[in-house]
*Asks:* 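For reference, the structure I am asking about is given below.
What you see below is based on every heavy atom in this structure, not just the backbone, and it leaves out hydrogens, waters and symmetry mates. To find a chain, count down the sequence lines: A is the first, B the second, and so on, and within it residues start at 1.
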Amino acid sequence: MDLDSIGDWVRTHYSSHLSSELDGEAVTLFGWVQDVRDLGGIRFVILQDREGTIQITIPKKRVAPAVLAKTDALQKRFSVGVKGNVKKTNMTPRGIEIIPTAFKVFNEASEQLPIDITGKTPANIEVRLDARPLDLTQPSSLATFKIQHIALDAIRSFLFAKDFIEIHSPRIIASATEGGAELFCVDYFGQKAYLAQSPQLYKEELMLSFEKVFEVGPFFRAEESHTRRHLSEFTSIDIEQAFSNADDVMNLLEKVIHHACVVVKEKCVVELSNLDYTIEVPTLPFKRLTYTKVLDDLKTQGITIPWGEDIHTEAYRVLGDIYPFFYFITDWPTSTKAFYIKPRDDNPEVCEGFDLMWRYIELVSGGTRISDKNQLIHRLVEKNLNPDSFKCHLQAYDYGMPPHAGWAIGLERLTMILTGKKNIREVTLYPRDRVRLTP
RNA sequence: GCCCAGGUAGUAUAGUUCGGUCUAGUAUAUGCGGCUGUCGCCCGCAGGACCCGGGUCCGAAUCCCGGCCUGGGCGCCA
């Protein structure tokens with residue numbers, strides 16, 4: 001088939017912007033063939049663009065022969081352009097259709113697509129991910145990532161309005177900084193380096209200068225996790241705020257989450273309906289449960305966890321049934337949290353770290369940070385970390401480190417909550433996990 | 001790393017219990033033909049599959065062993 005060039009054609013509308021008010025107007029549309037229904041004397045082409053679909057109606061005896069000829073060989077996913085007139089009609093669900101006056105085919109597509117893009121025969125997740133570029137053209141995939149985009153936009157705007165400065169910390173770092181999670185190794189001009197697991201230390205150092213910072217970006221964990229809520233590469237929304245404690249940043253956090261829910265629910269009506277999902281906007285404030293209270297609750301459900309131990313997955317699932325929405329867990333044993341989380345002044349066994357949970361999923365973790373150098377070194381030693389390898393970081397504590405606190409939201413997990421998707425890979429464009437490195 | 005389940009056309013599945021009418025069924029997709037208001041269009045025709053290797057048996061999609069791959073759970077995980 002002869003392919004067309006775009007020439008001087010310029011898009012006038014996305015499919016979703018067409019309405020019966022445009023009846024009779026000439027429009028230029030670009031997109032892809034989603035489906036062709038040929039009834040003999042009349043042909044219907046469903047044109048899809050990123051915003052939705054619109055029907056192109058071709059009554060064979062009444063359109064220009066050139067248009068008819070162009071549409072004779074159309075197949076799914078052909079990239080096309082249409083010039084035509086909007087026509088009001090009661091014969092389509094949208095109440096409008098396009099009668100074409102000119103038609104261009106920019107590119108063809110395989111006859112047999114690896115997944116069914118009309119959604120009649122949904123494919124399994126691994127098949128979808130193998131054909132991810134095509135899978136992402138499906139309306140439900142588009143809706144998922146539109147929701148993620150709107151949520152992130154809402155959060156960014158909220159933080160900007162609160163005077164946070166957006167920063168970019170290094171992804172390539174020199175040492176296994178924090179203990180805990182395994183890091184990926186990279187060869188840095190012959191030197192051993194690592195991919196960052198979080199911006200934690202850098203954003204704390206910036207408390208000396210910028211006071212309120214946030215960062216949105218990818219981080220890496222070389223864990224062997226094999227679950228629906230872990231990735232090797234994930235996106236973190238991190239904030240850090242000077243002259244504050246855990247309570248201050250928890251108050252901010254619940255407003256951020258609430259705002260994201262409200263905005264997505266308001267702006268993504270079509271997308272949520274496409275996903276057949278309803279967002280329940282949470283009421284403020286969120287429940288605040290202490291670690292000790294959680295242990296008591298679990299005991300009534302027959303799960304006994306000795307004080308001081310971490311809460312395991314089975315227990316979280318039970319807890320998620322008791323508290324089915326957002327809730328904080330505070331006052332964790334100091335031993336369960338990272339070295340930089342501040343122990344309480346009145347009881348050092350307990351720290352000012354917190355988690356924000358959604359059902360059984362840990363969505364956010366944060367806390368008041370240690371700002372005293374000696375205490376920080378003391379905690380490093382308690383965690384079996386070598387203070388010498390933190391020399392660069394520790395210098396920041398010689399220049400007037402203010403009291404500060406912060407948190408980190410897992411963007412993919414938040415997107416799961418906002419879309420109802422049960423597998424984190426569905427809400428990640430090109431997920432990286434224990435076994436998947438492509439596409 | 002441990003445990004469980006599974007691998008059948010492009011996709012999604014039935015069949016595996018208890019080996020034999022399985023020459024492997026269905027839907028959708030694809031190709032060809034037909035149809036002037038479809039919208040999961042419809043109708044007809046066609047092509048298309050038992051993960052790999054070994055074993056048991058007269059006979060294996062089905063049972064056994066090994067491998068590979070996938071999904072799920074646990075653990076790990078600021």
Side-chain angles (χ1 to χ4, degrees), chain A residues 34-46 53-63 73 75-77 87 89-95 97 99 109-131 134-135 138 177-183 196-201 203-204 219-232 234 236 238 240 310-317 332 336-341 351 353-356 360 362-367 369 383 405-410 413 422-423 425 433-436:
Chain A
Q34 189 191 53
D35 206 3
V36 181
R37 287 188 284 275
D38 192 325
L39 276 63
I42 190 167
R43 177 180 290 152
F44 303 101
V45 176
I46 308 304
T53 60
I54 183 70
Q55 175 170 294
I56 316 296
T57 302
I58 302 150
K60 292 187 186 172
K61 287 179 181 164
R62 279 183 283 148
V63 295
Q75 290 176 348
K76 290 184 173 69
R77 289 307 303 170
K87 187 183 162 197
T89 172
N90 55 12
M91 286 183 285
T92 68
R94 293 267 315 264
E97 61 190 357
I99 310 297
S110 303
E111 277 176 3
Q112 183 74 73
L113 301 172
I115 56 175
D116 172 13
I117 56 164
T118 65
K120 284 179 230 175
T121 310
N124 292 327
I125 185 72
E126 82 274 16
V127 175
R128 291 178 49 201
L129 291 175
D130 284 341
L134 181 63
D135 177 59
Q138 299 201 85
T177 46
E178 298 175 40
E182 293 292 319
L183 303 189
Q197 61 166 303
S198 93
Q200 184 60 36
L201 305 186
K203 63 179 186 170
E204 288 197 64
F219 291 99
F220 307 89
R221 307 270 166 95
E223 298 295 338
E224 303 265 351
S225 299
H226 187 67
T227 77
R228 288 183 295 174
R229 58 189 185 282
H230 288 89
L231 291 170
S232 306
F234 68 101
S236 181
D238 263 88
E240 201 69 28
D310 226 326
I311 298 170
H312 49 76
T313 305
E314 183 202 359
Y316 274 130
R317 288 186 186 271
W332 287 80
T336 63
K337 289 290 181 188
F339 70 88
Y340 48 79
I341 297 289
C351 70
F354 63 86
D355 287 347
L356 177 63
Y360 73 96
E362 183 189 329
L363 176 65
V364 183
S365 85
R369 322 303 191 183
K383 283 281 184 183
W407 41 251
I409 304 175
R413 290 183 178 181
K422 300 286 193 290
N423 190 326
R425 293 166 220 180
D433 61 33
R434 175 71 187 84
V435 293
R436 181 175 287 277

*Asks:* From CD1 of A/Ile54 over to P of B/U38, roughly how many Å is that when rounded to an integer?
*Replies:* 17 Å

*Asks:* Contact class for A/Arg317 vs. all strands (heavy atom < 4.0 Å): base, sugar-phosphate, or nothing?
*Replies:* sugar-phosphate

*Asks:* Flag this pair as yes if the NZ/CZ of A/Arg369 is under 6.0 angstrom from the six-membered ring centre of A/Tyr340 and inside a 45 degree cone about the axis; otherwise no.
*Replies:* no

*Asks:* Is there a side-chain polar atom (N or O) of A/Arg37 under 4.0 Å from OP1 or OP2 of B/C42?
*Replies:* no

*Asks:* At 4.0 Å (heavy atoms only), tell me whether A/Glu314 reaches a base, stays on the sugar-phosphate, or touches nothing.
*Replies:* nothing

*Asks:* So does A/Ser225 reach the base of B/C76 with its side chain, donor to acceptor, closer than 3.5 Å?
*Replies:* yes

*Asks:* Considering Watson-Crick and G-U wobble pairs with both distances under 3.5 Å, what does B/G48 pair with?
*Replies:* none

*Asks:* Side chain of A/Thr227, heavy atoms from C-beta onward: which of B/G75, B/A78, B/U38 has the nearest atom to it?
*Replies:* B/G75

*Asks:* Contact class for A/Lys76 vs. all strands (heavy atom < 4.0 Å): base, sugar-phosphate, or nothing?
*Replies:* sugar-phosphate

*Asks:* Please walk me through it: do A/Thr57 and A/Met91 pass side chain to side chain contact (heavy atoms under 4.5 Å, CB included)?
*Replies:* CA-CA 11 Å; A/Thr57 302; A/Met91 286 183 285; over 6 Å; no

*Asks:* What distance separates A/Leu134 CG from A/Lys76 NZ, expressed to the nearest 0.5 Å?
*Replies:* 11.5 Å

*Asks:* Which pairs pass salt bridge (Lys or Arg N to Asp or Glu O under 4.0 Å) with one or both residues in residues 109-123 of chain A, sequence neighbours excluded?
*Replies:* none

*Asks:* So what does A/Asp355 touch, heavy atoms closer than 4.0 Å: a base, only the sugar-phosphate, or nothing?
*Replies:* nothing

*Asks:* Could you check how far CZ of A/Phe220 sits from P of B/A78, rounded to whole Å?
*Replies:* 17 Å

*Asks:* Please state whether the phosphate of B/U36, meaning OP1 or OP2, lies under 4.0 angstrom from any side-chain nitrogen or oxygen of A/Arg62.
*Replies:* no

*Asks:* So what does A/Glu97 touch, heavy atoms closer than 4.0 Å: a base, only the sugar-phosphate, or nothing?
*Replies:* base

*Asks:* Counting the atoms with a prime plus P, OP1 and OP2 as sugar-phosphate, which does A/Arg228 contact under 4.0 Å by heavy atoms, base, sugar-phosphate, or nothing?
*Replies:* sugar-phosphate

*Asks:* If you apply the rule side chain to side chain contact (heavy atoms under 4.5 Å, CB included), what do you find for A/Gln75 with A/Val36, and how did you get there?
*Replies:* CA-CA 7 Å; A/Gln75 290 176 348; A/Val36 181; over 6 Å; no

*Asks:* Quick one: on RNA chain B, does A/Arg434 or A/Asp310 contact a more 5' nucleotide (nearest heavy atom)?
*Replies:* A/Arg434

*Asks:* Could you state the atom-to-atom distance from CD1 of A/Ile42 to C1' of B/C42 in whole Å?
*Replies:* 15 Å

*Asks:* Give a yes/no answer on whether the side chain of A/Gln75 brings an N or O atom under 4.0 Å of OP1 or OP2 in B/A29.
*Replies:* no

*Asks:* Is there, by distance only and without an angle test, a donor paired with an acceptor across the side chain of A/His226 and the base of B/G73 below 3.5 Å?
*Replies:* no

*Asks:* Are any side-chain N or O atoms of A/Lys60 and backbone N or O atoms of A/Arg43, one a donor and one an acceptor, separated by less than 3.5 Å?
*Replies:* no

*Asks:* Identify, with sequence neighbours excluded, every residue that meets side-chain contact (heavy atoms from CB on, under 4.5 Å) alongside A/Ser232.
*Replies:* A/Phe184, A/Arg432

*Asks:* Nearest of B/A78, B/U38, B/A12 to any side-chain atom of A/Ala338?
*Replies:* B/A78

*Asks:* Quick check: does any side chain N or O of A/Arg434 sit under 3.5 Å from a backbone N or O of A/Glu223, one acting as donor and the other as acceptor?
*Replies:* no

*Asks:* Scan every strand shown for a Watson-Crick or G-U wobble partner of B/G25, both distances under 3.5 Å, and answer none if you come up empty.
*Replies:* B/U13

*Asks:* Pick base, sugar-phosphate or nothing for A/Thr92, based on heavy-atom distances below 4.0 Å to the nucleic acid.
*Replies:* base

*Asks:* Rounded to the nearest Å, what distance is computed from the OH atom of residue A/Tyr360 to the C1' atom of nucleotide B/G72?
*Replies:* 11 Å

*Asks:* Looking at the side chain of A/Met91, which of B/G37, B/U70, B/U36 is the nearest nucleotide?
*Replies:* B/G37

*Asks:* In whole angstrom, what separates A/Arg77's CZ from B/A29's P?
*Replies:* 17 Å

*Asks:* Scan A/Arg425 against the nucleic acid and name what it touches under 4.0 Å (heavy atoms): base, sugar-phosphate only, or nothing.
*Replies:* sugar-phosphate

*Asks:* Among the candidates B/C35, B/U38, B/A78, find the nucleotide nearest to the side-chain atoms of A/Asp38.
*Replies:* B/C35

*Asks:* Would you indicate what A/Glu224 reaches in the nucleic acid, counting non-hydrogen atoms under 4.0 angstrom: base, sugar-phosphate, or nothing?
*Replies:* base

*Asks:* Identify, between A/Lys60 and A/Arg413, the residue whose nearest nucleotide on RNA chain B lies closer to the 5' end.
*Replies:* A/Lys60

*Asks:* Base, sugar-phosphate, or nothing for A/Pro59, non-hydrogen atoms under 4.0 angstrom?
*Replies:* nothing

*Asks:* Paired with B/C58 by Watson-Crick or G-U wobble geometry, both distances under 3.5 Å: which nucleotide is it?
*Replies:* B/G20

*Asks:* Considering only atom C1', compute the distance from B/A9 to B/A46 and round it to an integer number of Å.
*Replies:* 14 Å

*Asks:* Phosphate oxygens OP1/OP2 of B/C74: is one of them under 4.0 Å from a side-chain N or O of A/Arg229?
*Replies:* yes

*Asks:* With sugar-phosphate meaning primed atoms plus P, OP1 and OP2, does A/Ala123 contact a base, only sugar-phosphate, or nothing at under 4.0 Å between heavy atoms?
*Replies:* sugar-phosphate

*Asks:* A side-chain contact here means heavy atoms from C-beta on lying under 4.5 Å apart; do A/Thr313 and A/Arg229 qualify?
*Replies:* yes

*Asks:* Would A/Asp433 and A/Arg228 pass as an ion pair if we require N to O under 4.0 Å?
*Replies:* no

*Asks:* According to the Watson-Crick and G-U wobble definitions, with both distances under 3.5 Å, which nucleotide is paired to B/U70?
*Replies:* B/A5

*Asks:* With C1' as the reference atom in both, quote the distance from B/U70 to B/C52 in angstrom, rounded to an integer.
*Replies:* 15 Å

*Asks:* Please list, pair by pair, any protein nitrogen or oxygen found under 3.5 Å from a nitrogen or oxygen in nucleotides 25-28 of chain B.
*Replies:*
unit_1 : atom_1 : unit_2   : atom_2 : d
B/U28  : O2'    : A/Thr121 : OG1    : 3.2

*Asks:* Write down the distance separating the P atoms in B/G25 and B/C64, rounded off to the nearest Å.
*Replies:* 25 Å

*Asks:* If you compare every side-chain N and O of A/Asn124 against the phosphate oxygens of B/G7 (OP1, OP2), does one of them come in below 4.0 Å?
*Replies:* no

*Asks:* Looking across every strand, which nucleic acid part, if any, lies under 4.0 Å from A/Arg94 by heavy atom: base, sugar-phosphate, or nothing?
*Replies:* nothing

*Asks:* Does A/Asp433 reach a base, just sugar-phosphate, or nothing at all? Heavy atoms under 4.0 Å.
*Replies:* nothing

